[in-house]
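Let me begin by presenting the structure, written as structure tokens, before commenting on it.
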Amino acid sequence: MCGIVGYVGSRRVVPVVLEGLKRLEYRGYDSAGIVYLQDGVLEKHRSEGKLQNLENILGDAIGAPSHIGLGHTRWATHGAPTTENAHPHSDCSGELVVVHNGIIENYHSLRGELQEKGHRFASETDTEVLAHLIEEYLDGDLREAVTKALARVEGSYALGVLWTGMPDTLIAARNHSPLVLGVHDEEGTFMASDVPPLLPYTDKVIFLDDQELAVLRADSQSIYSLKSGKEVEKEVKTIAWNSAMAEKGGYKHFMLKEIFEQPQAIIDTVSGRINPETGSVDLPEMNLSDQDLAGIERIFLVACGTSWHAALVTKYWIERWAGIPVEVDIASEFRYRKLLINDRVLTVAISQSGETADTLAGIRLAKELGSRIVTICNVVGSTMTREAHGTIYTHAGPEIGVASTKAFTSQLAALFLFTLFLAEKRGTMPPEKRLQLGRELIALAGVIEEELPVLQAEIRELIENYYDSRDFLFVGRGLNFPIALEGALKLKEISYIHAEGYASGELKHGPIALIDKEMPILALTPRDAVYQKSISNVEEIKARQGRLILIGTRGDGHLKTITDDVIYLPAVHEELNPILYTIPAQLLAYEIASRRGCDVDQPRNLAKSVTVE
């Protein structure tokens with residue numbers, strides 16, 4: 001949520017910051033602002049709405065000969081999405097500005113205290129408190145003032161500060177909200193909420209940890225602990241992505257591009273981790289010894305949203321093939337119940353960004369209770385990967401569309417590898433079965449790549465009868481039940497159609513009351529172990545005149561006797577159906593949203609990375 005970009009160096013700052021904010025639009029926002037220092041004066045520009053509005057009011061300022069500044073896209077929490085509430089926020093003097101992601105939980109008491117001291121507030125935000133609090137402590141040393149101010153703050157923050165008294169310096173700080181620095185020997189120092197804004201300029205980055213502060217100048221970056229005040233050494237990491245990977249590449253939307261990138265993302269996630277000759281799986285970054293694995297009695301899978309659906313699929317896989325009991329928790333609920341966790345429990349956190357606030361809080365509690373932590377994540381060096389004992393990286397590349405697609409299928413591929421790994425180490429799967437499943441996983445990327453263009457054309461034609469629907473049901477059984485949930489989530493996220501996912505067998509327990517000739521129902525009906533049960537459920541829907549779309553196995557002529565709207569997929573091993581059957585569900589949501597004229601990549605009220613609770 002929200003986005004920060006900062007720069008100090010040899011380039012003109014406004015184009016750098018503006019382009020960086022555009023690369024953070026996927027995070028979700030409703031207002032934006034830029035500030036830069038020129039001739040000793042802070043020039044501030046803010047607007048409601050999209051970045052184009054900000055760009056329009058900047059005018060000639062885009063070419064301003066300034067080389068230091070900050071930018072921000074705000075997702076409203078405290079106060080409406082107005083120009084007055086947009087960042088940056090200033091102190092009373094107008095000589096100090098702050099941009100901030102996160103939530104200052106004790107801002108009410110701090111605001112009252114500062115008002116009693118004569119500070120004048122111009123917005124409804126919690127962020128403005130930070131500007132005035134830093135002003136209160138400022139006596140010539142900006143780093144010291146920021147450190148003292150943050151010692152008074154409760155909550156989460158990623159922070160950028162600029163002061164006219166130190167015209168060559170930016171201050172950055174973080175606590176429970178992501179912030180990354182970009183380093184370039186010749187062009188200067190960058191800061192941002194995520195990696196994409198840095199990629200046009202450098203692949204060398206430093207990830208700040210919680211309770212760390214950075215002093216940024218064109219030719220240096222000094223990082224300090226907010227707790228001890230001492231300087232800390234940080235590793236400079238090299239990012240394998242490039243800026244072109246975050247561009248649309250001729251596709252109408254990032255989401256569509258990312259749907260079509262899924263075969264490559266699966267290949268990149270699987271490659272080098274499974275031996276196609278033996279089926280043996282190698283996950284060295286997981287950092288679990290054979291002794292650790294032998295001692296696991298239960299596994300907790302903790303995730304939010306789409307990642308939670310990946311966890312639900314994984315429960316089926318692990319319990320069947322590794323013989324370990326699995327509990328799946330929504331991360332926002334995980335730590336608010338009595339957790340029966342100890343050192344014989346493995347907690348697996350699943351997150352695209354590695355910065356999801358609820359998931360981070362959950363794994364921190366599990367760690368305190370003695371559990372070992374493994375993270376499934378797409379972002380190298382993210383907070384979750386640093387705090388876990390081990391990691392299984394997905395290699396999906398940057399995912400810009402808010403509605404997750406390639407990150408989800410890459411998570412499923414990584415979690416299937418994890419299942420094979422556990423089964424191999426615990427001896428619960430015959431080697432020949434592991435070899436078969438491993439080879440089928442490797443081959444799946446090619447199957448998806450071949451099917452994608454055909455599926456898109458079929459679905460684009462099919463949705464003409466459905467795009468104006470008000471409601472939708474998605475149903476599936478067994479391994480495909482979580483994919484029904486995921487399909488419904490995708491549709492509601494980007495098309496704003498009310499959609500729900502159900503286990504097919506649950507229809508008779510209430511939802512069947514909704515079915516009539518106006519209700520569209522998408523049913524996942526592959527030829528698998530529960531095929532006959534699924535067909536029975538579909539017949540019940542047909543008997544009540546529901547408008548059926550079936551997704552099933554190529555060659556299954558019976559489906560065409562039930563409805564004309566059938567999407568056929570090739571037969572793959574039923575364990576891999578969740579990955580394959582996700583693709584048409586994604587395309588259905590995409591084509592409907594596109595047909596309705598929705599903002600597919602940046603749906604209303606949503607953010608890519610949810611970094612506050």
Side-chain angles (χ1 to χ4, degrees), residues 3-24 26-27 67-71 99 101 143 158-162 168-174 177-225 231-247 268 285 352-355 375 377-387 391 393-400 608-609 611:
I4 288 174
V5 178
Y7 174 67
V8 53
S10 60
R11 289 176 171 266
R12 293 195 174 193
V13 69
V14 176
V16 171
V17 171
L18 193 60
E19 179 60 28
L21 292 178
K22 290 178 181 178
R23 291 170 182 269
L24 290 176
Y26 67 90
R27 294 174 67 88
H67 300 276
I68 185 170
L70 295 164
V99 294
N101 294 348
R143 175 192 148 203
L159 202 65
V161 186
L162 174 59
D168 63 344
T169 302
L170 293 174
I171 298 291
R174 74 154 280 176
S177 193
L179 204 58
V180 58
L181 312 181
V183 180
H184 193 291
D185 291 340
E186 297 176 0
E187 295 193 354
T189 303
F190 306 78
M191 60 184 286
S193 304
D194 202 352
V195 172
L198 312 178
L199 294 177
Y201 312 104
T202 182
D203 61 355
K204 301 294 188 292
V205 303
I206 299 170
F207 290 94
L208 292 185
D209 286 310
D210 286 345
Q211 292 288 307
E212 287 184 346
L213 176 148
V215 179
L216 310 180
R217 297 186 175 90
D219 58 355
S220 67
Q221 315 83 36
S222 302
I223 300 167
Y224 302 86
S225 165
E231 189 167 358
V232 295
E233 292 292 325
K234 301 289 290 185
E235 180 185 358
V236 178
K237 295 182 178 288
T238 301
I239 297 297
W241 308 344
N242 58 55
S243 58
M245 294 172 71
E247 301 295 341
D268 291 344
E285 294 172 312
Q352 187 280 139
S353 67
E355 303 291 350
T375 291
C377 186
N378 192 44
V379 180
V380 175
S382 58
T383 304
M384 220 172 285
T385 66
R386 297 197 304 275
E387 296 197 10
T391 300
Y393 282 110
T394 55
H395 294 292
E399 187 179 67
I400 306 302
K608 182 65 176 174
S609 181
T611 55

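Heavy-atom basis, side chains included; hydrogens, waters and symmetry copies ignored.
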Practice task
From the options L179, L213, V180, select the one residue that forms a side chain to side chain contact (heavy atoms under 4.5 Å, CB included) with R174.
Solution key: L179
Problem - The single option from V99, L21, I4 passing side chain to side chain contact (heavy atoms under 4.5 Å, CB included) against S193 - result: I4
Exercise for the section: Examine distances only and state if a side-chain atom of T202 and a backbone atom of V183 form a donor-acceptor pair shorter than 3.5 Å. Expected result: yes
Exercise for the section: State, without any angle test, whether E355 and T383 hold a side-chain donor-acceptor pair at a distance under 3.5 Å. Expected result: yes
Practice task
Given side-chain contact (heavy atoms from CB on, under 4.5 Å), test Q221 with K234 step by step and report yes or no.
Solution key: CA-CA 10 Å; Q221 315 83 36; K234 301 289 290 185; over 6 Å; no
Problem - Sub-4.5 Å side-chain heavy-atom contact between M191 and L70 - result: yes
Problem - R12 CZ to H67 NE2 distance, which is reported to the nearest 0.5 Å - result: 6.5 Å
Practice task
In plain terms, say whether K204 and D185 are close enough for a salt bridge, that is, a side-chain N and a carboxylate O under 4.0 Å apart.
Solution key: no
Problem - Value rounded to 0.5 Å, distance of CZ in R386 from CG in D209 - result: 4.0 Å
Handout entry: Any V236 side-chain heavy atom under 4.5 Å of V205 side chain
Key = no
Problem - Check: T238/D203 side-chain N/O donor and acceptor closer than 3.5 Å - result: no
Practice task
Please tell me if the side chains of P398 and V195 come closer than 4.5 Å, counting only heavy atoms from C-beta onward.
Solution key: no
Problem - Any E186 side-chain heavy atom under 4.5 Å of S10 side chain - result: no
